[in-house]
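What you are looking at is a predicted structure, and each value in this text was computed from that prediction instead of being measured. Scope of the values below: all heavy atoms of this structure, side chains included, with no hydrogens, waters or symmetry mates.
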Amino acid sequence: MDRKELLKEFYVKKNYVNLKNILQTTSFDSEKEILARIYLEEKNYDKAAQLYKSLDMIYEYGRCELLKGNFDYAKDLWNSIKIDSPPVLWGKSLLEFINLYVIHIPTFFQIRAFLEVDFDALLNAKMINYCENIANGAHLFAQNNQESYKFIGRVFVNNGYYDLAELFLNRAKDVCYVDPEVHFLLAKCYLNSKDYDNARKSLQISLEKGYGYYPAKKLLENIKLS
């Protein structure tokens, strides 16, 4: 199987069982990396960590340890990296948010690239205390990227924490009222609590601000049909 087909199996078909069977005995580092990402998707952080360690991918190895709750070990691993790449700088800053002692606020692009992905991963790893501390620092993230409230709110929506999502999305609405996705996500929160009137209002605003924003249009049609 060539790399193009491997990536299709991973990203599109998500055929993890078949891929694991194929990649278990591979000698290619690029294929071992795909296998590690499969283990991450399956929340098998131990096996993912072992692979990243063998590949000398220290940032990814440290991230696995963080997802396991090994804060100090992750910190030691990331501090051992001498090159300050964007992921490493982000990771070190994220640890400050988790530790409730923030010195370095991530840049606009670091927040855009990593906040939602890592917040979702930590939430799925049941690192609730970490997530609570990160969410409590949303106002700091927002100093450099006003979409931060939306990123956190979207993770809460996607994981079914609608009450928490509504809190952050209302903050997002205050600073990014013209963003159609914010109103669309709020509509999902209202629908969860069976507040159909406010859901419709939010979707109408989403359509207005997004010039016919398709997800809002589709959801509004579904409400009318139900």
Side-chain angles (χ1 to χ4, degrees), residues 3 6-7 10-11 28-156 158 168 171-172 175-176:
R3 182 165 179 80
L6 279 173
L7 293 175
F10 178 73
Y11 286 108
F28 296 104
D29 287 353
S30 61
E31 294 182 354
K32 289 180 181 178
E33 186 178 346
I34 293 174
L35 182 58
R37 294 180 68 176
I38 291 171
Y39 286 134
L40 271 179
E41 289 293 326
E42 296 179 337
K43 303 177 187 176
N44 191 335
Y45 307 121
D46 284 327
K47 285 193 174 181
Q50 290 169 11
L51 276 170
Y52 283 130
K53 182 180 180 180
S54 71
L55 293 167
D56 201 31
M57 297 177 69
I58 304 302
Y59 174 77
E60 291 78 3
Y61 176 29
R63 186 171 181 270
C64 291
E65 293 300 326
L66 187 65
L67 292 171
K68 291 162 61 178
N70 297 328
F71 179 93
D72 290 333
Y73 190 33
K75 182 177 180 179
D76 288 343
L77 286 170
W78 285 348
N79 284 337
S80 73
I81 301 173
K82 303 306 180 185
I83 300 175
D84 284 336
S85 64
V88 172
L89 290 171
W90 157 260
K92 291 177 179 179
S93 179
L94 183 66
L95 295 177
E96 293 179 5
F97 278 83
I98 292 172
N99 203 36
L100 296 176
Y101 190 76
V102 179
I103 299 174
H104 305 96
I105 300 175
T107 67
F108 174 92
F109 290 108
Q110 288 168 7
I111 293 168
R112 188 172 184 82
F114 302 113
L115 173 58
E116 188 170 358
V117 173
D118 283 350
F119 189 67
D120 183 73
L122 288 165
L123 195 59
N124 276 282
K126 309 301 181 186
M127 295 293 108
I128 304 302
N129 289 340
Y130 291 0
C131 291
E132 183 179 357
N133 292 349
I134 293 167
N136 285 337
H139 62 291
L140 298 175
F141 288 119
Q143 290 180 17
N144 284 350
N145 189 323
Q146 290 186 332
E147 288 189 291
S148 299
Y149 294 114
K150 183 180 78 171
F151 296 151
I152 293 172
R154 185 161 55 195
V155 170
F156 281 136
N158 291 339
F168 286 90
R171 293 295 303 275
V175 296
C176 300

Y52/Y45 aromatic ring centres below 6.0 Å: no

Euclidean distance, I111 CD1 relative to D118 CG, rounded to 0.5 Å: 12.5 Å

L122 vs I128 side-chain heavy atoms within contact, under 4.5 Å: no

F151/F141 aromatic ring centres below 6.0 Å: no

Residues, nucleotides or ligands: over 12 heavy atoms within 6.0 Å of K47 NZ: no

Which atom of K150 lies closest to which atom of A172, heavy atoms considered: N-CB, 3.8 Å

Gap separating the CG atom of D46 from the OH atom of Y39, nearest 0.5 angstrom: 11.5 Å

Intermediate values then yes/no, side chain to side chain contact (heavy atoms under 4.5 Å, CB included), M57 and E33: CA-CA 9 Å; M57 297 177 69; E33 186 178 346; 3.6 Å; yes

Inter- and intrachain pairs under side chain to side chain donor-acceptor pair (under 3.5 Å), touching residues 108-117, at least two apart: R112-E147, E116-R154

Interatomic distance, N145 atom CG to F108 atom CZ [nearest 0.5 angstrom]: 4.5 Å

Could you give the side-chain donor-acceptor pairs of residues 132-140 under 3.5 Å, partners two or more places apart or in another chain?
| from | atom 1 | to | atom 2 | distance (Å) |
| --- | --- | --- | --- | --- |
| N133 | ND2 | I98 | O | 2.7 |
| N136 | ND2 | E132 | O | 3.2 |
| H139 | ND1 | N136 | O | 3.3 |

Whether Y149 and F168 hold their rings parallel, tilted or perpendicular, with breakpoints at 30° and 60°: tilted

Approximate separation, where rounding is to 0.5 Å, of F10 CZ and I38 CD1: 6.0 Å

Nearest-0.5 Å distance, CG of residue L6 to OH of residue Y11: 11.5 Å

CZ (F109) with more than 12 external heavy atoms under 6.0 Å: no

Smallest separation among heavy atoms of C64 and A48, with atom names: SG-CB, 3.8 Å

Heavy-atom pair of closest approach, residues N144 and P106: ND2-O, 2.8 Å

Backbone of N70 reached by a side-chain donor or acceptor of E65 within 3.5 Å: no

Pairs where residues 53-62 contributes a residue and the test side chain to side chain donor-acceptor pair (under 3.5 Å) is met, not counting sequence neighbours: Y61-Y73

By salt bridge (charged side-chain N to carboxylate O under 4.0 Å, His left out) - contacts of D120 (at least two apart): none

Test item: L67 and L40 side chains (from C-beta on) under 4.5 Å apart, heavy atoms: yes

Test salt bridge (charged side-chain N to carboxylate O under 4.0 Å, His left out) applied to K43 - qualifying residues, sequence neighbours left out: none

Between CZ on residue R171 and SG on residue C176, distance to nearest 0.5 Å: 11.5 Å

For G69 against Y130, the heavy-atom pair lying closest together: O-OH, 3.1 Å

Within-4.5 Å side-chain heavy-atom neighbours: L66 and W78: yes

What pairs of donor and acceptor atoms, side-chain ones from residues 79-86 against any protein atom, are under 3.5 angstrom apart with sequence neighbours left out?
| from | atom 1 | to | atom 2 | distance (Å) |
| --- | --- | --- | --- | --- |
| N79 | ND2 | K75 | O | 3.3 |
| S80 | OG | L77 | O | 2.5 |

